[in-house]
Novice: 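Let me begin by handing over the structure; questions about it come next.
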Amino acid sequence: MSTDPVTTDTAARPVRVRFAPSPTGSLHLGGARTAIYNWAFARATGGSFILRIDDTDPERSTPENIAQIISALEWLGIDWDEGPVRGGDYGPYFQTERAASYVQALETLQANGWAYRCFCTPVELAAKREIARAKGGSAGYDGACRTLSEEQSQARANAGEPFVWRLKIPVDHGAIAFNDAVCGHTEFPADSIDDFVLVRSDGSPTYNFASIVDDAAMAITHVIRGNDHVSNTPKQILVLEGLGAPIPNFAHLSMINGPDGKKLSKRHGSTGVEEYADEGYLPEALMNYLALLGWSLDGETTLIDADTLKTHFNLEHIAKRPANFDFTKLTWMNSEYLRAMEPERFAHLMVECLARAGLVAYDDFEQRPDWYLTLTPLVSERTKLLTDIAPMTRFLFVDTVEPDETARKKVLEKDPTLVERALQVAQEILENIDPENWDTEHIEAAMADLPDSVGAKPRLAYQPLRVAVAGSTVSLPLNESMELLGREKTLARIRALL
RNA sequence: GGCCCGUUCGUCUAGCGGUUUAGGACACCGCCCUCUCAAGGCGGAGGUCACCGGUUCGAAUCCGGUACGGGCUACCA
């Protein structure tokens, strides 16, 4: 593929990428994916990852949102080399603190003949737009104020007439082209781009101005961002041309849609990263899933951890088409990470979940680590979400259990005779086990005779005992459960049903 | 309206002119394992590669058009 003549070759410069969220809400899935791609690309290329807060919209930007975005990134395990908290040589990293650099950029643009004042009022503009659109042409600004002489312009400004600064696109400018890492060669006819506003009448910069000025100032080499910015790219390239600054590489990521192919919204489920943490997802699972939503390592590998991402991520395998978010696959991935997790770590997470559910104390792991490490493999294998843990293991932490509806209907009430016999036999067997030998191995050996003794198939013979111990027809393995519950509690629960 | 972009199993994707009877993963179905539930093993179903036309000895792959979907078209980002 040939390099576009317009795109400055940045291969020689060290890679510098940035994630520049505007804090108008919490970090949503699309933003998180963009952050992951930027971060992984920086790590894989040995470059720098910069976090910049694009807070030029005073109406909607809040400190709470900034804090939330930062904590969401930290939770995901994304670290930045420069940005809020960390600082860096190209700061400040908040656009609201970079006003001086926009003023300077505007001066450069003026000096180069790339900017002019526009005194058209919003009302006039809206009317013009209306007419232009009705005629069927482009609805952009008609350039009415371009012809104002410097004297006229200055005079009107001095007189206190409000104005904005617009970019003055050269009349003879050809098509604006760039080579997008995802979309390939992309070209926009010059006349499809109007003299857009750079600086508002209140002196604040617009996004298309501030963002690219910052990118240039921060020596960004690759702009990796959402697809919704493709149409903004030629505008920003024009600003760079007016500034005489190098043009970075671009990579525009497709959007993330809901399972139904429509724009992802609350209706589909959670859209904010924080919510996934609350719902029991692991950051590594979300990162893996998001990374694969629009990118592939080799087309075969599905489980890709952060380390692999940090070494193998590239811009060559990014999909063009929008992806639908599949909660089921994410959940599966989560269960994979849960199962592969170090037992110690799982145990700690488990205790945390239990403590949060009010079932144990936060330091309970320290009180009986062996007990928890015995429990861990039984639970981790069955957990899809961290929030599954408390309900699954609850029976081990409460004093007594109440058989649930299914247990009553499908077991207790279905064959009371069998239930009674099974429980009685089980009680005898268990009472005969020496308290010192109360472990899965001995229990299992002793219980092996139960089906024969009660004259029922194993699945039917053990079910009453399961209901007695766990209060449900579905539970962790029986013998292990009894070991963990302890001899006294186990026998007490059997007695309670007799 | 204008300008851009996209379209491969239900979903995420591999595929860059012959190696493809289109590969993998999730979900789904069946069997095995089994004290329940999981996990695991084995197997299965599922795609006329949006449509139409062209280029070519040969196209999911290249070109054009159509349809559908999306983005931008703000003194939002």
Side-chain angles (χ1 to χ4, degrees), chain A residues 20-22 24 54-57 59-61 118 120-122 125-126 129 132-140 162-166 180 182-183 186-189 191-194 196-202 204-208 210-211 226-235 252 254-255 257 259 261-263 289 292-303 317 319-333 335 339 377-384 392 411 444 447-448 450-451 457-463 465-467 470 472-479:
Chain A
S22 56
T24 54
D54 282 10
D55 52 355
T56 47
D57 183 351
E59 298 286 307
R60 298 189 296 155
S61 300
C118 169
C120 299
T121 66
L125 293 172
R129 227 177 351 253
R133 187 171 291 212
K135 278 185 181 166
S138 114
F163 64 89
V164 299
W165 284 96
R166 286 182 184 274
D180 191 283
V182 178
C183 307
T186 309
E187 202 174 286
F188 288 82
D191 60 15
S192 72
I193 298 156
D194 67 345
F196 63 96
V197 175
L198 300 168
V199 175
R200 302 181 187 109
S201 50
D202 67 357
S204 66
T206 61
Y207 167 79
N208 280 315
S211 180
N227 208 318
D228 47 338
H229 290 299
V230 178
S231 306
N232 291 325
T233 305
K235 297 181 182 178
H252 287 99
S254 64
M255 306 273 89
N257 292 326
K262 297 278 166 53
K263 197 180 180 116
Y289 181 71
L292 233 41
L293 204 60
W295 175 78
S296 65
L297 179 62
D298 53 15
E300 305 276 300
T301 317
T302 316
L303 265 9
H317 290 98
K320 291 183 177 67
R321 68 147 152 179
N324 292 1
F325 197 86
D326 182 359
F327 294 88
T328 312
K329 191 164 185 175
L330 200 214
T331 304
W332 165 78
M333 222 170 241
S335 70
R339 218 173 307 126
L378 305 175
V379 179
S380 66
E381 194 173 273
R382 275 159 257 262
T383 307
K384 280 185 156 56
M392 194 190 305
V411 180
E444 190 170 342
M447 292 292 292
L450 185 78
K457 286 182 177 177
R459 57 184 304 125
L460 292 175
Y462 289 113
Q463 219 42 349
L465 194 54
R466 183 185 311 285
V467 170
S472 163
T473 54
V474 175
S475 79
L476 298 183
L478 237 195
N479 299 322

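We name chains A, B, ... by the order of the sequence lines, and we start the count at 1 in each one.
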Novice: Any base atoms under 4.0 Å from A/His252, or only sugar-phosphate, or nothing? Heavy atoms, all strands.
Specialist: nothing

Novice: Does a nitrogen or oxygen in the side chain of A/Ser231 sit under 4.0 Å from OP1 or OP2 of B/rC4?
Specialist: no

Novice: Just the rounded figure in Å: distance from C1' of B/rG10 to CG of A/Asn324.
Specialist: 10 Å

Novice: First locate atom NE2 of A/His252, then atom CG of A/Asp180, and finally report the distance between them rounded to the nearest 0.5 Å.
Specialist: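 These two atoms lie 6.0 Å from each other.
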
Novice: Output the rounded distance in Å from NZ (A/Lys262) to P (B/rC68).
Specialist: 14 Å

Novice: When the distance from CG of A/Asn257 to P of B/rU7 is rounded to whole Å, what number comes out?
Specialist: 14 Å

Novice: Would you say A/Thr24's side chain and A/Arg60's backbone share a donor-acceptor pair under 3.5 angstrom?
Specialist: no

Novice: At 4.0 Å (heavy atoms only), tell me whether A/Val197 reaches a base, stays on the sugar-phosphate, or touches nothing.
Specialist: sugar-phosphate

Novice: Any idea which of B/rU13, B/rG23, B/rU36 is nearest the A/Glu300 side chain?
Specialist: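 So the nucleotide nearest the side chain must be B/rG23.
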
Novice: Using heavy atoms to find the nearest nucleotide of RNA chain B for A/Pro259 and A/Asn208 separately, return the residue whose nucleotide is more 5′.
Specialist: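 This one resolves to A/Pro259.
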
Novice: Tell me the partner of B/rA50, counting only Watson-Crick (N1-N3 plus N6-O4 or O6-N4) or G-U wobble (N1-O2 and O6-N3) with both under 3.5 Å; none if nothing fits.
Specialist: B/rU66

Novice: Which nucleotide in the set B/rC75, B/rC3, B/rU36 lies at the smallest distance from any side-chain heavy atom of A/Pro189?
Specialist: B/rC3

Novice: Closest to the A/Phe188 side chain: B/rC26, B/rC37, B/rC3?
Specialist: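 Nearest to the side-chain atoms of A/Phe188, counting from C-beta on, is B/rC3.
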
Novice: Taking atom P of B/rG6 as reference, at what distance in whole Å does atom CZ of A/Arg321 sit?
Specialist: 13 Å

Novice: Between A/Met333 and A/Thr302, which heavy-atom pair has the shortest distance, and what is it?
Specialist: CE-O, 3.6 Å

Novice: Please measure how far the P atom in B/rA14 lies from the corresponding atom in B/rC62, and state the result in whole Å.
Specialist: 14 Å

Novice: Taking N and O atoms by type only, does the side chain of A/Ser201 place a donor or acceptor under 3.5 Å from a partner on the base of B/rC75?
Specialist: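 Side chain to base: pair found, below 3.5 Å.
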
Novice: Please tell me if A/Thr56 has a side-chain N or O lying less than 4.0 Å from either OP1 or OP2 of B/rA77.
Specialist: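 Answer is yes, contact under 4.0 Å.
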
Novice: Taking only the side-chain nitrogens and oxygens of A/Arg129, find out if one of them lies under 4.0 Å from OP1 or OP2 of B/rA74.
Specialist: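 For B/rA74, OP1 or OP2 has a side-chain N or O of A/Arg129 closer than 4.0 Å.
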
Novice: Provide, to the nearest angstrom, the distance between the CG atom belonging to A/Asp191 and the P atom belonging to B/rU73.
Specialist: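 Interatomic distance, CG of A/Asp191 to P of B/rU73: 17 Å.
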
Novice: Could you tell me whether a side-chain N or O of A/Ser192 sits under 3.5 Å from a main-chain N or O of A/Pro189, the two making a donor and an acceptor?
Specialist: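 Answer holds: yes.
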
Novice: In whole angstrom, give me the gap between the C1' atoms of B/rC49 and B/rG44.
Specialist: 22 Å

Novice: Using the C1' atom as the reference point in each nucleotide, state the distance between B/rG71 and B/rU61 in Å, no decimals.
Specialist: 26 Å

Novice: Provide the distance between the two C1' atoms, one in B/rC63 and one in B/rU55, to the nearest whole Å.
Specialist: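 Taking atom C1' in both B/rC63 and B/rU55, they lie 7 Å apart.
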
Novice: Measure from NZ on A/Lys384 to P on B/rC26 and round the result to the nearest Å.
Specialist: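 Taking atom P of B/rC26 as the reference, NZ of A/Lys384 is at 12 Å.
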
Novice: Between A/Thr473 and A/Gly261, just flag the one whose closest nucleotide in RNA chain B comes earlier from the 5' side.
Specialist: A/Thr473

Novice: Give a yes/no on whether any side-chain N or O of A/Arg466 is located under 4.0 angstrom from OP1 or OP2 of B/rC37.
Specialist: no

Novice: If we take the C1' atom in both B/rA60 and B/rU21, what is their distance in whole Å?
Specialist: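 B/rA60 and B/rU21 have their C1' atoms separated by 15 Å.
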
Novice: Please state the C1' separation for the pair B/rA22 and B/rU13 - nearest whole angstrom.
Specialist: 13 Å

Novice: Could you work out the separation of B/rG23 and B/rG47 based on their P atoms and round it to a whole Å?
Specialist: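 Nearest-Å result for B/rG23 against B/rG47 at atom P: 12 Å.
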
Novice: Should the side chain of A/Asp298 and the base of B/rA14 be counted as holding a donor-acceptor pair, with the cut-off at 3.5 Å?
Specialist: no

Novice: For the pair made of CZ in A/Arg459 and P in B/rC33, what is the distance, rounded to whole Å?
Specialist: 13 Å

Novice: Starting at CG of A/Asp228 and ending at P of B/rG70, how long is that distance when rounded to a whole Å?
Specialist: 14 Å

Novice: What does A/Arg60 touch in the nucleic acid at a heavy-atom separation under 4.0 angstrom: a base, only the sugar-phosphate, or nothing?
Specialist: base

